[in-house]
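Single-structure report; data block below.
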Protein chains: 2
Amino acid sequence: MVQFQSSELAKKAGVTVETLRYYHKEALLAEPQKTDAGYRQYTEADLQRVLFIKRCQGLGFTLKEIKELLALKDDTTHTAGEVKTLTQEKIALLNQKIAVLEEIKTTLTSLVKNCDGKGGVSDCNILKALSTNEEHNHLGETSSC
Amino acid sequence: MVQFQSSELAKKAGVTVETLRYYHKEALLAEPQKTDAGYRQYTEADLQRVLFIKRCQGLGFTLKEIKELLALKDDTTHTAGEVKTLTQEKIALLNQKIAVLEEIKTTLTSLVKNCDGKGGVSDCNILKALSTNEEHNHLGETSSC
DNA sequence: ATAAACCCCGTTCTTAAGTACAGGGTCAAT
DNA sequence: ATTGACCCTGTACTTAAGAACGGGGTTTAT
């Protein structure tokens, strides 16, 4: 069986050794066997697990969520439906975030449109809008972030 | 001149007294006059400043950015153009963030579409896709976040 | 047999935007 | 004159995901 030491696995996975230690501490990755000197000996399965974590992270899952995902994956009594649900919840969250950002963007864009950028700060329509509570500049409370 | 004590201003501005203390520490808000007993006496201008901060925050500006904005606002030698530029940069950032989220959403959505949610975790097409590096599942490195 | 390049462990530091807490003064009313 | 509701200060804690550090062991090559 092929074994790697920590820096080797780290390089293959595109993380640092510190990150691996962190994953061990957070129980995302089990401690592998160790040599007599206490050196970790990782396997291909460990590498795959770290890559899985990294892929999930790239898709916006937090380590906490990834831990859940891994727990489902590790325990065959769980179902595909649970994974699907988790993923759909993530999509819903994503939609919320996108909607908030879009709304903010709309407001900022209209602020910029109303500002010719000429004159001193006291002439700036953006600052004027931000300095008043009036409704007509879309500046209602952008509730939960 | 009307003066408020801290909890009063906090209530009017929708923040806590602790937040005000934090803004003082961060130099977003100057320390107001104090009574002999050391009690802060805020003015209407202080209230407006906190409201300004909160509005900017609602639009996704960080306190650091708001500090910049306030610095421009406070110093009349600055121009409306600077404010406009800052705002436009924020919009650009916003667009980047939205694009990243949209991309992730696309990937997750296609993962969900390929998973019927039936069977155990070993049947789950989402987990299968996340467990392999193949190109056909849109799982390329979602670079900078 | 010693230097370079690894490895280990435990602990502290980082960012953002506060929140919480400990310990103590003050003001108004009873 | 004492209770309750304020106020002050300074310090530590929070979340997320590691990064950095200090101090020390090991392996490999020279």
Side-chain angles (χ1 to χ4, degrees), chain A residues 3-42 46 49-70 90 93 97 142-145, chain B residues 3-42 46 49-70 90 93 97 142-145:
Chain A
Q3 316 244 78
F4 326 108
Q5 61 181 22
S6 44
S7 68
E8 232 177 321
L9 182 117
K11 182 169 290 182
K12 280 175 200 282
V15 301
T16 71
V17 172
E18 298 302 314
T19 298
L20 294 179
R21 282 204 332 122
Y22 180 70
Y23 289 174
H24 290 314
K25 209 177 54 178
E26 293 297 306
L28 284 153
L29 189 60
E31 287 277 4
Q33 276 197 311
K34 297 193 184 177
T35 66
D36 289 354
Y39 286 24
R40 292 186 179 83
Q41 294 189 287
Y42 290 103
D46 292 316
R49 196 172 175 95
V50 176
L51 289 175
F52 179 93
I53 293 170
K54 284 292 146 188
R55 279 181 214 118
C56 291
Q57 251 185 336
L59 291 173
F61 287 93
T62 64
L63 288 187
K64 195 173 172 185
E65 289 164 335
I66 295 169
K67 204 167 164 181
E68 274 180 65
L69 231 33
L70 285 168
K90 199 67 198 175
L93 253 171
K97 272 193 198 175
T142 354
S143 54
S144 70
C145 245
Chain B
Q3 316 245 75
F4 326 109
Q5 62 180 22
S6 45
S7 68
E8 232 177 320
L9 182 118
K11 183 170 289 179
K12 280 176 201 282
V15 303
T16 71
V17 172
E18 298 301 313
T19 298
L20 294 179
R21 285 211 325 126
Y22 180 68
Y23 288 174
H24 290 313
K25 209 178 55 180
E26 294 298 308
L28 285 152
L29 189 60
E31 287 277 4
Q33 276 198 312
K34 297 192 185 178
T35 67
D36 290 353
Y39 285 24
R40 292 184 178 83
Q41 293 189 287
Y42 290 103
D46 292 316
R49 197 172 174 94
V50 176
L51 289 175
F52 179 93
I53 294 170
K54 282 294 145 184
R55 279 181 214 118
C56 291
Q57 251 185 336
L59 291 173
F61 287 94
T62 64
L63 288 187
K64 195 173 172 185
E65 288 164 337
I66 295 169
K67 204 167 163 180
E68 275 180 65
L69 231 31
L70 284 168
K90 199 66 198 176
L93 253 171
K97 272 195 199 176
T142 354
S143 54
S144 70
C145 247

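Each chain gets a letter, A, B and so on, in the order the sequences are listed, and its residues count up from 1.
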- Looking at OG of A:Ser6 and NZ of A:Lys11, how far apart are the two atoms once the value is rounded to the nearest 0.5 Å? 12.0 Å
- Item | Minimum side-chain heavy-atom gap B:Lys12-B:Val50 below 4.5 Å | no
- List for me each residue that meets side chain to side chain contact (heavy atoms under 4.5 Å, CB included) alongside B:Ala10, sequence neighbours excluded, and say none if there are none. B:Val15, B:Val17, B:Leu20
- Query: Hey, what do you get for CG (A:Leu29) to CG (A:Leu9), rounding to the nearest 0.5 Å?
  - Reply: 7.5 Å
- Roughly how far apart are A:Leu63 CG and A:Tyr22 OH, rounded to 0.5 Å? 5.5 Å
- Query: Can you give the first and last nucleotides of DNA chain D, 5' to 3', that have an atom under 4.0 Å from a heavy atom of chain A?
  - Reply: D:dA17 to D:dT27
- Item | Interatomic spacing from CD in B:Glu68 to OG1 in B:Thr62 - rounded to 0.5 Å | 8.0 Å
- Query: Of A:Gln33, A:Glu31, A:Gln5, which is the lone residue that meets side-chain hydrogen bond (donor to acceptor under 3.5 Å, both in side chains) with A:Arg40?
  - Reply: A:Glu31
- Query: How long is the span from the OH atom in A:Tyr23 to the CD1 atom in A:Ile66, to the nearest 0.5 Å?
  - Reply: 7.0 Å
- Item | Any residue of residues 7-38 of chain B with a heavy atom less than 4.0 Å from an atom of DNA chain D | B:Ser7, B:Arg21, B:Lys34, B:Gly38
- Task: Compute the angle between the rotation axes at the two ends of the helix from C:dA1-D:dT30 to C:dT30-D:dA1, each taken over five pairs, rounded to 10 degrees.
- Result: 30°
- Item | salt bridge (charged side-chain N to carboxylate O under 4.0 Å, His left out) partners of A:Lys67, counting only residues at least two apart | none
- Test item: A:Lys54 side-chain N/O and A:Ala13 main-chain N/O as donor-acceptor pair under 3.5 Å: no
- Item | Nearest non-hydrogen partners of B:His24 and B:Ala30, listed with the distance | CE1-O, 3.2 Å
- Bounds of contact between DNA chain C and chain A, in 5' to 3' order, using a heavy-atom cut-off under 4.0 Å: C:dC6 to C:dT11
- Side-chain donor or acceptor of A:Arg21 paired with backbone N/O of A:Thr16 under 3.5 Å: no
